[in-house]
Amino acid sequence: MGEFKVHRVRFFDYMPTAIRAMAFNAHTERLALGRMDGSVEIFNFADRYFQEKVIPGKDSRSIEALCWVGGRLFSAGLNGEITEYDLENLRPKYSLEAYGGPIWTITSNSQGAHLAIGCEDGTVKLFEVLEESIQFERNLDRQKGRIISLSWHPSGTQIAAGMMDMIRVFDVPTGELKTAMLLVDRGFGGSKSRETVVWSVVFLSDYTIISGDSAGKVQVWDGHTGTLVKTHLVTKWDVLALSDESSVVVGTSEGTVIQFQFIAPTLQQQQDKEWVRTRTFKNHTHDVRALAEIETAIVSGGMDTQLVVRPLLEKFDERSHASALRKIQFPHRNLVFCAKKAGLLLFQFPGQLELWRLGESDGHVLFLCDICLQGEDHICCSALSSCGGWLAYSTMSSVRLYRLQTDNNDISISKVPKLPKILRSAHQLCFSSDSSKLFAASSQSSVLVIALSQSECKYVHTLKPKSGQQPIHLMTNSVDGKWLATANSDCEIHVYNVQKLKLHCIVPVYGSCPSAMGIHPTTNNLTMVHADQQIFEYSIVEKQYTDWSRKLQKQGLHNLWLDRDTPVTHVTFNPKNPEQILLHDMHMFCIIDQSLPLPDQKTQFYNQMTLRSLSEQERPSHLHAFKICKTFQDLLSVSLLDDQSLVMVERPLLAITCQLPAPVRQKKFAT
Amino acid sequence: MVEHAEIRMVHRGGSKINFREPVITNDSRFLLCAAGESVNVYSTSTEEYVHDLQGHTDLVTGVVLNPSNHLQVYSCSADGTVRLWDFTDAILIKVLLQQHSLPKSVLITASCFLHLFQLVAVHLPHSGDQEVEARELSAVLCDVSPHAGAASFGREVCVVVLIQLFVSVPHRFSLKSGMKKGAKNAFTCVSCHPKEDCIATGHEDGKIRMWRNFNQKKEYTYSTLHWHHGAVNTLCFTPEGTNLLSGGIESVLVHWHYTQENQKDFLPRLGAAITHIAVSPDGSLFSTSHSDNKITIIQSCVKVSAVIQGLVKGDGVWTNLIIDPRSKALVLNGKPGHLQFYSLHRDKQLYNLEIVQQEYIHEEGLDQFEVVNAAFDARGNWLATVEERRKKGAELEITLKLWAYDELTQSFVLNTTVTAPHEDQITAMFFSPSPETTMLVTTSLDGHFKAWLLADHSDANAEGFWACDFVGGYHLLKPGCCSFSADGSLLSVGFQEVVTVWSPASWELLTTLSQPPGAIRDLCFGRLSCSKYLLGASTKNQLCCWNLLTCSLEWSTPMDVSLLQADPLSENMAAFCSQSGSSDLFVFKPSEPRPLYSQKALCTGKVQHAVFAPRDQMLESCEERTQWLNRSQLYFFTQHMDLLTFSTKTEEDRLLASSKQLMVDDSVAVTPFYLLLGKHRGQQLEKQEALTNPMAERTQLPQGSIAIKELLHTPAHVLPSASFLCAMFVRSLLISSSSARQDNDLWHTVKKTHKKTEYVDIELNRFIYIPLKTMERSK
């Protein structure tokens with residue numbers, strides 16, 4: 001495996017923000033996730049829950065609810081605006097003031113023709129979904145008190161609204177109030193004067209309404225008559241989220257997720273079905289704010305910032321990666337950049353950048369500077385040149401470029417004043433290895449090439465693919481400065497010849513999104529790792545897959561490798577040993593040695609401990625290409641400096657949990 | 001040989017009543033439970049033993065009500081038969097023979113039971129014969145856990161648990177437990193909902209899972225209930241299915257509401273770990289069986305209404321078996337930290353005496369205090385107990401406690417506590433039987449024996465306490481046993497190979513007797529005419545008898561005596577010998593060479609505990625072989641903790657007759673108590689009726705009246721004139737205001753006497769109507 005000096009970096013105070021809202025689009029199998037800081041993440045559930053897109057947040061924007069209409073994503077927040085997102089350019093398309101005060105909820109009817117929003121002033125506003133925008137249509141009967149939750153009846157003719165102490169049912173065509181259901185019981189221990197908040201409401205096709213409220217109750221109502229059918233006391237605290245598919249899932253502020261199912265008591269009495277509380281999952285420590293039930297799993301997220309996919313085991317025949325519990329804690333992209341020559345580290349936060357210098361073996365690290373943003377936009381990407389002389393970042397509205405000059409412990413940062421006008425925002429930024437060029441991924445999968453020099457920077461060319469609408473999420477260039485590879489969310493990988501400034505080739509499209517890629521410094525082979533854990537090596541020069549890659553695909557990867565639950569986020573190479581490819585994901589660090597035989601299904605995959613116990617003579621017979629090290633956990637980044645030392649950036653999950661506010665309740669024995 | 005067959009070994013009391021779950025009858029009046037080789041019937045309201053269903057010749061392994069007739073019950077046994085009983089009259093109706101023997105079978109319902117840990121369905125043939133052979137056997141499942149809670153029948157499903165959950169009929173569905181390594185979610189018990197398709201399973205980690213929707217393939221779902229911290233021992237749905245009951249080592253009955261699972265009620269402090277729960281068919285009564293051989297009857301989960309307590313055997317019997325001289329009860333360690341008083345005649349626990357006086361924690365693997373030794377003095381005024389805590393790697397904690405009998409409260413009161421009376425385990429402890437002194441002798445492995453005396457106080461109002469009087473030893477050898485002679489004038493202590501004889505009056509070492517090799521295991525003085533003999537059993541297969549007058553060995557015989565027990569009321573001695581894995585019994589007199597009674601292969605394993613219990617009434621058997629049973633009865637514990645005794649044919653017949661006598665009225669649970677009180681009450685009731693209803697009395701009057709008899713029976717030619725008779729007749733219909741009752745009594749006596757001779761009859765008649773005549777004349 002080789003020996004490396006390791007910088008174990010644990011001073012990156014990365015703190016994800018809490019999950020606030022969730023919407024699942026069953027048609028495209030995409031989950032939209034809204035966080036407290038206003039950022040929206042899109043996960044592709046068909047592709048191993050890969051985080052495809054991230055729309056950075058904004059200080060003034062808050063998301064209370066998300067809603068899909070077809071392929072279009074809408075959000076509404078307490079700033080009183082409805083926002084539609086441009087998922088191709090990763091930016092809000094437009095925002096519309098609803099004039100009803102803060103908006104608590106947004107929901108679309110099943111036909112996709114109308115949006116309903118619930119406002120602080122007690123109005124339910126209907127918006128018509130047009131081709132390019134939405135248009136206010138009318139208000140439903142105005143009520144006193146805020147509207148916290150809304151749910152359309154699947155037919156689209158009625159809508160149920162959860163309010164303070166009340167559930168109201170409106171007739172949509174006339175806009176009149178049909179039924180009002182009063183929550184009489186204020187619940188458990190709480191003072192009688194405190195209002196009960198109906199945090200969520202679900203309108204089922206058989207006109208049953210299920211509500212979850214702040215008294216900790218899940219109540220089943222008859223929507224025709226407005227009578228209470230059944231009450232399940234679920235928790236002593238709030239019931240925050242409800243979701244339905246074949247069953248109803250309930251999230252509580254204790255962090256539990258409870259499933260209710262519509263079950264017939266006996267085989268003969270199929271028509272007397274009733275809602276029965278069945279399973280309880282406890283995967284969260286804090287409030288569960290958002291829930292989605294997909295076909296085979298329950299997806300939940302909340303204050304403890306992690307997205308949990310809990311598969312329903314009875315839906316699976318055998319154990320596989322899909323039937324395992326999955327927690328998504330870290331983003332599937334890089335937040336750490338390393339200047340290999342200069343030994344600098346750049347950490348990207350939503351609102352600021354931090355620059356650190358790695359120390360010598362005495363472990364002394366130096367904080368150099370942090371760059372705070374002006375304006376309320378959050379950073380969407382950043383880059384640091386390998387010589388450590390340039391730094392660039394981009395927000396939704398602008399790109400900034402800085403010139404760094406370091407001598408010993410002093411650093412001077414000067415902003416490059418005049419940037420080409422064409423460079424307004426970028427999805428990805430990347431410096432060429434000799435720091436003479438800056439590549440910025442722009443809209444429509446195009447890449448802007450900007451030449452950098454001491455005095456000025458000027459726009460050179462726009463590299464455009466033949467096709468492609470989706471944003472670029474990965475960009476890498478070769479050490480010799482000749483090749484540039486980009487990958488977009490449509491799984492297309494384009495290779496450009498930077499010297500000739502033209503498209504060189506398109507790598508055959510594979511069904512899964514690439515999660516990391518790198519160009520080998522000597523052979524110029526492009527190594528790609530996909531979200532489904534497959535590894536490909538493509539020779540740029542010969543425009544075909546290499547023999548090693550073909551062999552690997554023919555033999556197949558080991559099941560243990562394929563069953564890992566976090567994608568590889570970084571690929572680098574060892575210049576001293578060209579056979580070695582360095583990869584890492586959240587839980588492991590791996591060196592693939594291409595000179596060694598590939599493991600087949602029968603060989604022991606994690607064999608480092610066995611190898612250590614064997615004698616020198618026996619070892620070669622047990623070696624295989626994948627050398628996996630699990631010493632470092634919760635890895636955010638691994639990079640190999642030019643002096644053959646490894647930088648391991650860890651962010652222990654325990655440290656994240658410590659920074660969270662105290663949970664409502666901790667499980668105690670026998671309670 | 002004919003005489004020999006008369007003495008039979010019988011289970012008389014002390015059987016396990018918590019072996020299988022009990023059955024409550026439809027009217028909730030009786031509780032039936034398997035107890036050894038019989039099925040016991042208890043009254044649920046008075047907790048009294050009513051009668052038993054006897055007939056099985058091996059362990060009864062299951063009891064279930066006949067679903068088609070609620071007055072009948074099926075029982076199955078390891079002897080290979082299924083029997084049908086009428087439990088109200090204890091009549092055997094039918095015997096179903098099984099061509100295979102059922103070594104360990106669990107009866108589940110009338111048509112299905114477990115056989116060789118296979119679930120087997122048995123078709124019960126309908127025929128009038130008394131003995132029927134059930135031939136139709138169909139195996140349903142094999143590899144079934146022998147645990148009783150492992151199978152359950154629902155509405156139309158049957159569930160059996162081992163490592164997997166099987167649901168069979170209408171279709172089979174199985175589930176594996178242990179989905180994760182290290183998770184302790186193995187199934188322990190199962191119960192089916194009576195009305196809905198829901199199965200509750202208990203798990204090793206204390207969770208209860210409710211499985212639903214298992215009819216659809218792969219659509220099954222479950223919810224989890226978690227309160228127990230130990231394994232869930234038993235689960236039971238109430239008949240309507242509205243509640244689920246569960247129990248475990250915590251000795252708390254948990255009462256879950258079926259639809260609102262987070263609501264639960266508790267009935268705590270039930271005393272010992274719950275092993276079975278049964279519910280009466282109307283749901284009004286619950287019964288929980290406990291690991292300390294107890295059945296608690298609970299009225300709809302709020303109130304314990306009755307406790308049926310069997311002989312507590314717990315983890316083992318540490319103390320000797322002792323007979324309390326006052327109550328004639330068998331005394332041994334019972335509940336943890338308690339001494340139990342058990343009436344052998346009535347098969348009932350009398351009471352528990354708390355010895356340790358410390359909170360008992362219901363958890364596995366804790367070292368807790370145990371009562372390891374107890375002794376009574378000859379009159380039952382004093383009780384000595386030793387408690388001990390064995391801790392691994394720590395010092396032994398021993399406490400000696402002396403209890404005085406308080407006449408006022410009729411119970412023992414703690415008098416003296418001696419902490420660390422010896423430095424090592426106490427091996428034997430006896431009171432001196434002499435009436436002059438109260439002396440206690442303890443021997444211990446620390447090489448000493450100590451004599452404890454009740455110190456007398458000069459002032460009368462201060463109570464005396466116990467103090468050590470003498471510490472004896474012999475060449476630093478470890479004493480293993482000791483014995484007092486019947487009059488208390490001699491004390492013999494066995495120091496390994498050497499038997500020392502001491503005078504308790506002066507603490508003088510009188511003599512030493514030795515018969516190496518082999519350490520002395522048991523010492524016993526002869527009684528009555530044999531009091532000059534001292535018997536000792538040694539570990540090296542020797543039974544020796546010394547004559548104390550000559551201080552020489554009288555006889556010895558090679559026997560591996562594991563226990564030597566003297567009858568306090570006769571010269572007889574019982575010696576239990578272990579030979580090739582089983583025990584033999586010899587009853588003999590020390591003075592006679594021939595044993596009175598011997599029984600080879602009594603039971604398997606060593607007999608460690610035995611006692612002669614004096615009889616209430618002496619038997620008058622003159623047969624030579626049964627004579628030794630006349631004054632007292634020998635009880636002993638087998639290795640498997642079965643309490644056995646010896647009984648003769650005549651005695652059994654007598655018992656059977658008396659039990660038949662008890663069965664009189666079936667309107668109330670028939671118990672001896674009822675018979676006593678019920679008759680009395682019946683009389684009272686009649687009287688009351690008579691008082692409150694004078695009409696009844698009056699209408700009776702004319703028929704019995706003498707006047708009418710007079711009228712009808714007297715020959716016509718001697719009758720007075722009709723006018724005279726009429727007046728008399730009318731008068732007889734009137735009741736005199738003052739002494740109607742008295743008169744009645746008078747007439748009563750008259751009626752009785754006049755039956756004797758006709759002559760007297762006429763005489764009396766005259767006597768009666770003479771006063772009437774005079775009255776007429778005076779008018």
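Order of the sequence lines fixes the chain letters, A, B, ..., with proteins taken first and strands second; residue numbering starts at 1 for each chain.
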Selection from I258(A), T231(A), T278(A) maximising heavy-atom pairs under 4.5 Å formed with chain B: T278(A)
Does any backbone or side-chain atom of T224(B) lie under 4.5 Å from a heavy atom of chain A? Answer side chain, backbone, both or neither. backbone
Please verify the inter-ring angle class for F605(A) with W561(A); under 30° counts as parallel, over 60° as perpendicular, anything in between as tilted. perpendicular
Mark yes or no: R277(A) above the aromatic ring of W275(A), with NZ or CZ under 6.0 Å from the six-membered ring centre and no more than 45 degrees from the axis. no
What orientation do F237(B) and H193(B) show, parallel under 30°, tilted 30 to 60°, or perpendicular over 60°? perpendicular
Could you look at V234(A) and say if it's the side chain, the backbone, both or neither that has a heavy atom under 4.5 Å from chain B? backbone
What verdict does the side chain to side chain donor-acceptor pair (under 3.5 Å) test give for T610(A) and Q604(A), after you've listed the backbone C-alpha separation in whole Å, the side-chain angles of each residue and the deciding distance to 0.1 Å? CA-CA 9 Å; T610(A) 335; Q604(A) 190 192 6; 2.9 Å; yes
